[in-house]
Amino acid sequence: MSRTDWLLFLHITGAFLLVGGSVAAATFTILARRRERPSQIAEFLRLVRVALPLIYGGVLLTLVFGLWLVHDTGYSYGDAWIVAALVLWVAGNALGGIGGSREEKTRELAERLAAADDVATPELGARLRDPVSLALNFGSGLAVLAVLALMIWKPS
Amino acid sequence: MTPAVFQHGRGDLALFLHVLGATTLFGAVVVLVTLAIAARRSADPQPTARVLFRVWLFAVLPAFILLRVAAEWILSLEKKDIPGLDNKGWVGVGFLVTDVGFLVLLALGVSAFFASRRDGHGRATTITAVLGSIYLAALVAAWFAMSAKPGM
């Protein structure tokens with residue numbers, strides 16, 4: 001196997017971790033939103049933490065080995081599709097990071113309510129239906145999908 | 001990221017759907033295994049175990065179908081131009097993981113069904129965690145073969 005083969009494998013591994021981790025985090029969040037008791041909501045939101053190492057690993061591997069591949073395969077760092085992918089990569093991470101921190105506050109509230117009388121409050125309900133969090137997480141997912149599309153189509 | 005064997009432009013949509021299916025399948029199986037392990041460790045396994053079969057039905061299975069159908073689409077587009085493509089080792093690994101692996105995936109669905117019905121009590125939850133972990137390892141082997149194409 002050549003160096004490029006290894007770089008491609010590690011780059012694609014990053015894509016698997018990033019997309020797979022994002023799918024896992026989104027699924028746990030959706031499952032949490034469908035619960036009513038704060039203890040169960042907190043339990044599903046806690047599971048999002050399992051996906052975080054996958055997402056962080058994927059973010060790192062896609063960037064490092066993606067940039068290395070650009071150098072190794074003779075593409076230019078100034079190619080439009082590479083610039084667009086980098087911009088979307090940053091935007092996706094920023095949106096996901098902000099959305100994730102909002103979900104973390106929801107989990108903390110659910111944990112507090114679970115430790116008290118395990119009854120949902122209007123505040124918890126509002127947090128679970130928060131359109132801003134939904135938009136941030138959905139936007140982050142769309143950015144990741146767009147990067148994946150750019151990697152495959154490579155529009156000039 | 002486009003594997004060198006594919007002609008750029010022709011099978012791009014098929015390749016996009018194939019990669020999307022594969023990465024989503026990986027994430028969905030991670031969810032299944034995590035839920036099964038969480039149910040095993042919990043004093044109240046019912047909430048996490050209850051959703052196991054739904055995750056298999058609405059996430060794992062559709063992702064697998066997308067992966068497999070897109071793989072066939074790619075093969076039908078490319079094998080006219082690349083003789084013996086379907087006999088290459090790295091393609092064979094992909095078929096092994098999707099065809100033989102489909103049996104594992106079906107077994108995973110059956111175990112997830114019983115784990116959900118029994119609210120996480122009994123062996124079905126453990127079997128779901130074990131089968132899911134085995135399938136994850138097979139997926140890693142497949143993405144190594146499909147991306148690095150050793151011995152191509």
Side-chain angles (χ1 to χ4, degrees), chain A residues 1-2 4-28 30-32 34-37 39-44 46-51 53-55 58 62 65-66 69 73 81 85 141 144-145 147-156, chain B residues 1-4 6 8-9 11-39 41-48 50-52 54-55 58-60 63 70 74 90 136 139-140 142-152:
Chain A
M1 275 172 56
S2 69
T4 305
D5 292 334
W6 279 108
L7 292 176
L8 189 61
F9 165 64
L10 292 167
H11 183 58
I12 292 176
T13 296
F16 265 84
L17 296 177
L18 179 56
V19 180
S22 301
V23 165
T27 307
F28 291 133
I30 291 166
L31 290 172
R34 296 168 68 90
R35 303 282 116 188
E36 288 183 359
R37 278 171 49 197
S39 57
Q40 294 182 0
I41 292 165
E43 187 171 11
F44 281 106
R46 266 199 306 272
L47 293 178
V48 173
R49 290 175 180 175
V50 173
L54 300 179
I55 294 172
T62 49
F65 292 105
L69 265 174
T73 52
W81 67 275
V144 170
L145 271 186
V147 172
L148 188 63
L150 283 170
M151 293 294 116
I152 287 170
W153 270 279
K154 298 182 177 62
S156 51
Chain B
M1 204 164 97
T2 309
F6 300 114
H8 188 58
D12 285 352
L13 178 61
L15 183 61
F16 174 74
L17 294 175
H18 180 62
V19 175
L20 182 63
T23 50
T24 304
L25 179 62
F26 172 69
V29 178
V30 165
V31 170
L32 207 63
V33 172
T34 305
L35 288 170
I37 292 172
R41 289 181 175 174
S42 176
D44 177 19
Q46 193 252 11
T48 40
R50 265 280 166 97
V51 295
L52 280 171
R54 267 180 280 171
V55 167
F58 296 116
V60 173
I74 294 169
W90 58 272
L136 279 180
L139 278 179
V140 173
W143 95 51
F144 172 73
M146 305 301 281
S147 60
K149 299 182 178 54
M152 179 183 152

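Letters A, B, ... are given to chains in the order of the sequence lines, protein chains preceding strands, and every chain is numbered from 1. These numbers come from a predicted model, not from an experiment.
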Under 4.5 Å from any heavy atom of chain B - which part of A/R46: neither

Region of B/A63 that comes under 4.5 Å of a non-hydrogen atom in chain A: neither

For chain A, the option from B/L32, B/V30, B/L25, B/T48 that forms the most heavy-atom pairs under 4.5 Å: B/T48

Region of A/F28 that comes under 4.5 Å of a non-hydrogen atom in chain B: side chain

Sequence-distant partners of A/T13, side chain to side chain donor-acceptor pair (under 3.5 Å), two or more places apart: B/W143

Criterion ring pair (Phe, Tyr, Trp, His ring centres under 6.0 Å) on A/F65 and A/W6, from CA distance to verdict: CA-CA 9 Å; A/F65 292 105; A/W6 279 108; over 10 Å; no

Segment of A/L150 engaging chain B (4.5 angstrom heavy-atom cut-off): neither

Greatest number of heavy atom pairs closer than 4.5 Å to chain A - which of B/V51, B/V140, B/L139: B/V51

A/Q40 CD to A/R34 CZ distance, which is reported to the nearest 0.5 Å: 13.0 Å

Pairs of heavy atoms under 4.5 Å with chain B: top-ranked of A/A149, A/A25, A/A51: A/A149

Donor-acceptor under 3.5 Å (B/T24 side chain, B/L20 main chain): yes

Residue list, side chain to side chain donor-acceptor pair (under 3.5 Å) with A/T73, at least two apart or on another chain: none

Partner chain A: residue of B/L35, B/D44, B/V55 with the largest heavy-atom pair count (under 4.5 Å): B/L35

Aromatic ring pairing B/F26/A/F16, orientation class (parallel under 30°, perpendicular over 60°, tilted between): perpendicular

Heavy-atom proximity to chain A below 4.5 Å, by part of B/V29: neither

Flag if over 12 foreign heavy atoms under 6.0 Å of CD, B/Q46: yes

Selection from A/L7, A/L145, A/T4, A/L18 maximising heavy-atom pairs under 4.5 Å formed with chain B: A/L145

